[in-house]
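Everything on this sheet refers to the single structure shown next.
Hydrogens, waters and symmetry mates play no part in the numbers below; they use all other heavy atoms, side chains included. We name chains A, B, ... by the order of the sequence lines, and we start the count at 1 in each one.
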Number of protein chains: 2
Amino acid sequence: MTMTLDDCRRLDAQDPLAALRGRFILPEGVIYLDGNSLGVLPSAAPARIAEVVTQEWGEGLIRSWNTARWIDLPQRLGDKLARVIGAAPGEVVCTDGTSVNLYKVLFAALSQMAPTGRRVVVSERSNFPTDLYIAESLCRERGFTLKLIDESELPAVLDDQVAVLMLTHVNYRTGAMHDMKALTAAAHAAGALTVWDLAHSAGAVPVALNDCEADFAIGCGYKYLNGGPGAPAFVWVHARHASRFEQPLSGWFGHAAPFEFTPHYRPAPGVTRYLCGTQPIIALSALECGLDTVLAAEPFDGGRGGMAALRTKSLALTDAFIALVEERCPGRFTLVTPREHARRGSQVCLALADKGPGAYAIVQALIARGVIGDFRAGDSQMPDILRFGFTPLYLGFEDVWNAVEHLVQVLEHEEWKRPEFNQKLAVT
Amino acid sequence: MTMTLDDCRRLDAQDPLAALRGRFILPEGVIYLDGNSLGVLPSAAPARIAEVVTQEWGEGLIRSWNTARWIDLPQRLGDKLARVIGAAPGEVVCTDGTSVNLYKVLFAALSQMAPTGRRVVVSERSNFPTDLYIAESLCRERGFTLKLIDESELPAVLDDQVAVLMLTHVNYRTGAMHDMKALTAAAHAAGALTVWDLAHSAGAVPVALNDCEADFAIGCGYKYLNGGPGAPAFVWVHARHASRFEQPLSGWFGHAAPFEFTPHYRPAPGVTRYLCGTQPIIALSALECGLDTVLAAEPFDGGRGGMAALRTKSLALTDAFIALVEERCPGRFTLVTPREHARRGSQVCLALADKGPGAYAIVQALIARGVIGDFRAGDSQMPDILRFGFTPLYLGFEDVWNAVEHLVQVLEHEEWKRPEFNQKLAVT
């Protein structure tokens with residue numbers, strides 16, 4: 001055997017990040033491999049949220065905009081997040097949802113490119129649908145064409161008609177990661193701007209937005225950032241663009257002087273103009289607890305945001321999972337996620353090798369056993385997928401062993417044939 | 001004297017709604033007249049939010065989208081709110097912020113009117129600025145002109161060039177209320193659509209959207225609906241429009257089948273298409289507690305949403321405040337809010353009769369005494385304003401008496417001249 005349970009326990013004992021698990025409240029009997037969908041509750045969150053609710057809202061009431069500094073929460077959280085995604089202080093705001101934020105930055109990018117006469121937005125057919133829906137809407141509205149391509153067409157597709165290359169850095173379904181630096185350089189060489197969705201990257205893999213010279217980025221607060229269900233998302237805009245363009249959701253919190261109540265819009269300098277209305281204080285406070293869990297890894301990489309240390313463990317966990325699945329379920333699965341480290345996010349996706357049905361039911365059978373991953377349905381181009389996210393903050397190698405052990409048993413006992421595991425749920 | 005402290009106590013003793021105050025946690029020593037800015041914490045909220053955080057998020061994790069019915073929170077809350085604003089079940093969603101929602105509905109209204117060749121959006125110069133900023137952006141983008149008028153120009157300004165009449169039902173600064181039914185009829189007669197902002201109406205005054213035949217409405221969750229700081233807002237669209245137009249923030253939660261993950265957008269039927277991204281579950285749960293505080297008044301008007309009973313008390317409270325200020329601070333203030341019931345919201349705004357400075361400092365001196373109202377700076381057309389919101393759910397007549405007593409003392413002792421009350425805060 002390449003790896004035994006004892007090996008896994010030894011790896012856990014040697015894991016410098018092992019203590020970070022104590023920063024989360026994990027349900028008993030659950031091995032949670034769905035942090036790429038909804039991150040786990042940080043231990044600090046219940047008390048902090050209660051404080052915001054009972055003290056800041058309940059006691060402070062309207063005064064808390066000043067006394068509890070509610071007014072600059074989006075920027076304060078943005079500065080924390082900046083350390084995780086290779087941005088500088090003052091370049092990031094946490095606000096609104098991912099799709100709303102994508103609308104803002106894509107609109108800004110299209111406005112910037114409109115005078116060039118370029119009229120094509122390139123994205124992947126396999127991008128997360130909501131990104132495509134937003135791009136579809138904006139392209140129709142602004143007179144652009146959305147061109148959906150396969151990954152293999154990059155960078156060749158970047159011709160002199162392309163205005164914007166809009167990509168999700170780590171694919172939600174396959175876990176495949178783009179080379180942000182190379183593709184940004186290719187887009188720039190072709191005269192296009194880049195919009196990066198970091199939904200499956202922020203807190204999951206090292207991101208170096210400024211080093212990559214990226215143009216715009218947005219991402220999600222409730223996945224690897226552990227910000228809670230439907231947490232506020234974030235916006236980053238490169239300093240060279242931030243004060244140059246307006247986004248259309250020009251609400252008063254993006255105004256240069258919101259409390260002057262002037263009838264005409266004057267955008268705030270920098271990324272603050274990417275705020276819209278009154279900010280969601282309770283949700284932002286929960287997100288801050290999530291951001292703090294990621295930054296808790298900072299001491300382990302010399303204070304550089306923590307992602308290098310998290311990445312080392314993430315790759316070791318996903319390597320172990322792949323090795324154990326291949327060894328203990330031989331011939332049953334195809335690995336959909338790239339084996340190559342440089343191309344892998346923090347999740348592992350499997351397809352059934354026989355291309356038969358059962359992927360959905362296997363996931364349900366695993367969930368019934370406390371191993372929570374999820375299922376993503378296939379289409380004409382892509383098989384059904386069993387998706388397993390690995391968050392190194394709260395997962396260890398013994399969890400990996402146990403998850404594979406449950407998978408082996410689900411297969412051996414053909415549990416996935418049971419009717420209850422074949423009933424479709426509203427949300428998958 | 002027209003009214004004594006004993007009279008106020010007698011009115012409280014006779015008040016059928018008095019017990020509703022028990023549904024809130026009010027800070028000691030505070031008379032809160034700023035519920036039009038941020039509503040008070042509902043007593044049920046801390047426990048409910050804690051349950052959502054520790055049980056639904058912490059224990060249920062991703063499963064709670066199904067098991068805790070997170071997936072239809074926006075619609076479930078919308079159905080509750082519908083009872084308060086004269087809408088039908090299925091016509092309202094609670095989601096995103098007020099400004100973002102205004103963008104959606106105004107875009108839909110402009111799309112609907114584009115083929116008519118009409119190119120003017122009419123709004124009031126004194127509308128809440130964020131509404132004007134959003135309209136300014138959309139008009140520029142869509143080739144419309146935003147025409148800002150004074151209230152006195154209505155309805156004469158509604159000519160055959162007007163596409164949309166966009167009004168805030170109750171003015172944030174003056175507390176003046178429009179006749180929604182008459183103005184909607186006038187707009188329709190002129191061939192225009194109406195977009196109503198109910199920020200200072202929902203939970204504050206009776207609203208009858210369907211009876212008025214209004215077209216689109218949005219509003220705020222954190223004022224009279226007591227949903228918490230930066231709470232999600234809401235969208236209502238008349239059934240005759242709801243399935244006909246798309247809004248541009250076409251995220252996956254507005255898709256007809258979000259969990260099919262198809263690459264092309266297909267809007268959900270009805271108002272669900274006004275959702276965008278993943279919904280803010282913790283914030284929506286807090287908002288539900290706030291909605292329940294308003295619906296707690298339902299038994300007092302025969303189960304018709306509660307607003308008739310709340311309105312009776314609200315008018316009595318604001319009548320009492322006006323009478324006491326005029327009697328006890330003679331000649332000091334001008335009443336900015338309409339005296340006529342049919343034109344008054346649930347707030348009272350005062351200006352200094354001598355037009356001198358001091359309004360800001362009087363408000364600060366009152367806040368230091370625990371009487372929390374707020375200040376809105378004037379401009380060339382409008383004086384500085386002392387603004388006092390009256391939420392009948394948690395205020396009584398003795399509160400009114402005491403608030404005026406503090407005002408009398410602030411004036412008598414010239415407390416507003418103290419330097420500490422003349423320092424400008426970040427948020428006013």
When the ring centroid of A:Y133 is compared with that of B:F253, is the distance short of 6.0 Å?
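That pair fails the under 6.0 Å test.
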Please rank [options] by heavy-atom pairs under 4.5 Å with chain B and give me the top one.
options	answer
A:I134, A:T98, A:L284	A:I134
A:E56, A:R125, A:E260, A:R142	A:R142
A:L148, A:L425, A:T262, A:V30	A:T262
A:I25, A:L102, A:V100, A:T54	A:V100
A:L61, A:D374, A:I372	A:L61
A:W65, A:W70, A:F261	A:F261

Among [options], single out the residue with the greatest number of heavy-atom pairs under 4.5 Å to chain A.
options	result
B:A286, B:C276, B:S126, B:S64	B:C276
B:P248, B:P280, B:S99, B:G97	B:P248
B:W252, B:F259, B:W57	B:W57
B:E141, B:E59, B:E246, B:Q279	B:E141
B:P229, B:A377, B:G251	B:P229
B:D379, B:L132, B:L249	B:L249

Chain A heavy atoms under 4.5 Å from [X]: which part of the residue, side chain, backbone, both or neither?
X	value
B:A426	both
B:R173	neither
B:F24	neither

Atom group of A:R266 that falls short of 4.5 Å from chain B, counting heavy atoms:
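The answer is neither part of A:R266.
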Contact part of A:N101 toward chain B, heavy-atom cut-off under 4.5 Å: side chain, backbone, both or neither?
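Neither the backbone nor the side chain of A:N101 comes within 4.5 Å of chain B.
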Is it the case that the side chains of A:S137 and B:Y265 hold a donor-acceptor pair, with the cut-off being a distance below 3.5 Å and no angle test?
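No, no side-chain donor-acceptor contact under 3.5 Å.
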Point-to-point distance, once rounded to the nearest 0.5 Å, from CD1 of B:I282 to OH of A:Y222:
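Here the interatomic distance stands at 13.0 Å.
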Report the distance from atom CD1 of B:I62 to atom CG of A:L33, rounding to the nearest 0.5 Å.
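Going from CD1 on B:I62 over to CG on A:L33, the span is 12.5 Å.
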Test B:L41 against A:V53 for side-chain contact (heavy atoms from CB on, under 4.5 Å), laying out the working first.
CA-CA 8 Å; B:L41 174 65; A:V53 170; 3.5 Å; yes
